[in-house]
Amino acid sequence: MQQEKMQRSLTLIPVVLFGFSFMALATVFSTYGIAAELSHGMVSGSYLLALIVMLFTAYSYGQMAKVVPSAGSAYAYTQKSINPYVGFMVGWAVLMDYLFIPMVNYLLFGIFFSAAFPSIPSYVWVLGMLLLVTFVNVKGIRLATMANAFISIFSLLFILIFIGLSAKDILGGAGTGTIFNFEPFYNPEQSFSYIVAGAALLCFSFLGFDSATAFAEETINPKKTIPRAVIIITLVGGAIFMSVSYFAHNVWPDYTTFTNADAASHEIITSVGGKTLASMFLAVYFVTVFGSAMSSQASASRVLFAMGRDGQLPRFFGKLHHKYQTPINNILLISALSLLSLVLSLTLVASFINFGAFIAFISVNIAVIAYYFIRKKERSVKGTILYLILPGIGALLDFWLLLNLDIHSKVLGSIWFALGLVYLLFLTKGFKKRPPELKLGGAETAEETA
């Protein structure tokens, strides 16, 4: 039986745009108030620390993308370089992120727009967005690419306007009254532990870089394109997050005076640009949520596709639409699962996400060591730095931030992980047989082409 294969059509820019859409660049506004309280005003410092941690991990994703240019992302990397059992458990952990991120987007969209238009029930907004996202993803990658381009340009335009108006107000005497101020990064009167706590939360903002790897089988020359895209997404995203939070702090330095931390960005935006900028932000928020939900649903459907095609999930998950060449079963299943956003709380759903992300990040760093340093014996001075020290630092930093997650994330994440282990026991008849091996769907590994 011929194996299902995806069509290669994506180049560097579309892959980067998918990452930006998943990352939801404007999410820096929706998380600013909570992050400001958690970091005691040092949001830019928390973003800088998160960026440093994520760059180590982004590097490891790029190295593994050269070896395994597959739609399975972290699942495929660990299965190929460590073993199928670990690969399955990492894939299971990744599903926590990808399955629940669309839910977070729908929840936030319903909350935000029902507050702005109270006469329209929240479920109307949720269902409308869900149907729109599903339609675009079923139609295929080209329509999604065009949507991503519009979303990214619109979001960046709003961010530039916000920074420009904030700078104008600051120079006019508002806030700190100075453009150059180190306190958003580090305040010596506050403990560094607050920056760490903020970074553990804000790593969530960087999740777009790893989603780009899920499109490897639809990317032209993925061994070069994917590693470049991963680094670009991480660096540009980090720079934008730090810039927005830096100017937000300087225009409104006292985070304790927000009426509502959840809506702090709305207060800041209104103070900077009045109702006009606030209305523009509403439009930006619409396209941002749409882009993030669309990209996360697309990424999740491809991870499920890889696991289904490999036999680690039922074959139902490994099928493509005959016309659009998209994993339609998975797209529709994720849409159905996202209907839970009508009844679940935002806190509960968000608690799942960072746990799964850090498990995947730690595993990909270890995969680099396992493949290059141990299996390929890249143990020169250069090889030791590139394939042991750098990914080793990345794994330790990710584990450090994992330990700093709140108790809900750890408990709910551990329960999900235990369910995956039970399913793996069933799949392998109590570890008596190996899980199905990774099949790359026609994409050769670096080892095979050497």
Side-chain angles (χ1 to χ4, degrees), residues 16-36 43-44 46-47 50-51 54 101-102 104-113 115-116 125 129 132-133 144 147-167 201-209 211 232-249 251-252 258 260-297 346 350 353:
V16 169
L17 291 176
F18 262 105
F20 284 156
S21 290
F22 192 120
M23 189 179 278
L25 296 176
T27 195
V28 61
F29 293 103
S30 58
T31 58
Y32 180 78
I34 299 170
V43 181
S44 297
S46 291
Y47 271 122
L51 173 61
M54 290 300 101
I101 284 176
V104 169
N105 286 304
Y106 298 135
L107 273 166
L108 286 171
F109 186 71
I111 291 168
F112 198 91
F113 274 78
W125 297 109
M129 178 60 75
L132 178 61
V133 166
N148 281 328
F150 171 76
I151 291 161
S152 298
I153 292 169
F154 192 30
S155 298
L156 285 170
L157 177 63
F158 177 82
I159 287 168
L160 290 173
I161 292 171
F162 171 79
I163 289 175
L165 292 175
S166 296
L201 168 72
L202 294 174
C203 277
F204 167 80
S205 303
F206 287 87
L207 289 182
F209 82 81
S211 72
I232 291 170
I233 292 164
T234 308
L235 282 173
V236 174
I240 289 171
F241 296 151
M242 284 188 288
S243 298
V244 170
S245 58
Y246 179 84
F247 281 95
H249 175 92
V251 81
W252 194 311
F258 294 133
N260 178 7
D262 291 338
S265 59
H266 185 267
E267 295 181 48
I268 296 172
I269 289 167
T270 302
S271 73
V272 167
K275 291 184 178 180
T276 301
L277 193 64
S279 298
M280 186 178 178
F281 176 66
L282 194 67
V284 168
Y285 200 79
F286 174 89
V287 297
T288 296
V289 168
F290 168 71
S292 183
M294 178 185 65
S295 297
S296 56
Q297 186 192 67
L346 180 61
I353 294 170

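Model, not experiment: these values are computed from the prediction.
When the side chain to side chain contact (heavy atoms under 4.5 Å, CB included) test is applied to S152, the partners found at least two apart in sequence or on another chain are L17, F20, S21. By the ring pair (Phe, Tyr, Trp, His ring centres under 6.0 Å) test, F209 is found to be paired with Y61, F361, residues two or more places apart in sequence or in another chain being considered. Every side chain to side chain contact (heavy atoms under 4.5 Å, CB included) that L201 has, sequence neighbours left out, goes to I34, A35, L38. Considering only residues two or more places apart in sequence or on other chains, S245 meets the side chain to side chain donor-acceptor pair (under 3.5 Å) condition with S44. When the side chain to side chain contact (heavy atoms under 4.5 Å, CB included) test is applied to I159, the partners found at least two apart in sequence or on another chain are L25, F29, I163, I240, V244. Residues passing the side chain to side chain contact (heavy atoms under 4.5 Å, CB included) test with A264, sequence neighbours excluded: F258.
Of all non-hydrogen atoms in I151 and M294, the two that sit nearest each other are CD1-CE, 4.4 Å. Of all the heavy atoms in N105 and A293, the pair that sits closest is ND2-N, 3.4 Å. When all heavy atoms of Y47 and S205 are compared, the closest pair comes out as OH-OG, 3.7 Å.
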Listing, residues 277-286 side-chain donor-acceptor contacts under 3.5 Å, not counting sequence neighbours, or none:
{"unit_1": "S279", "atom_1": "OG", "unit_2": "K275", "atom_2": "O", "d": "2.9"}

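For the pair V272 and F247, the minimum side-chain heavy-atom distance is 4.5 Å or more. Residues V43 and L202 have side chains in contact (heavy-atom distance under 4.5 Å, counting atoms from C-beta outward).
Atom CE of M129 is separated from atom CH2 of W125 by 9.5 Å, given to the nearest 0.5 angstrom. Expressed to the nearest 0.5 Å, how far OG of S166 lies from CD1 of I161 amounts to 11.5 Å. If you take OH on Y32 and CZ on F241, they are separated by 14.5 Å, rounding to the nearest 0.5 Å. One distance of note links CZ of F150 with OG of S155; it measures 9.0 Å at 0.5 Å rounding. Taking OG from S271 and CG from L165, the interatomic distance works out to 10.5 Å, rounded to the nearest 0.5 Å. Atoms SG and CE, from C203 and M54 in turn, are 4.0 Å apart once rounded to the nearest 0.5 Å.
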Please walk me through it: do F162 and I268 pass side-chain contact (heavy atoms from CB on, under 4.5 Å)? CA-CA 10 Å; F162 171 79; I268 296 172; 3.9 Å; yes
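Looking at T270, its side chain never comes within 3.5 Å of a backbone N or O of E267 through a donor-acceptor pair.
Results of the side chain to side chain contact (heavy atoms under 4.5 Å, CB included) test with I232 over L235, T234, V236 single out V236 as the only residue that passes.
In summary, the aromatic rings of F290 and F109 are positioned with their centroids too far apart to meet the 6.0 Å limit.
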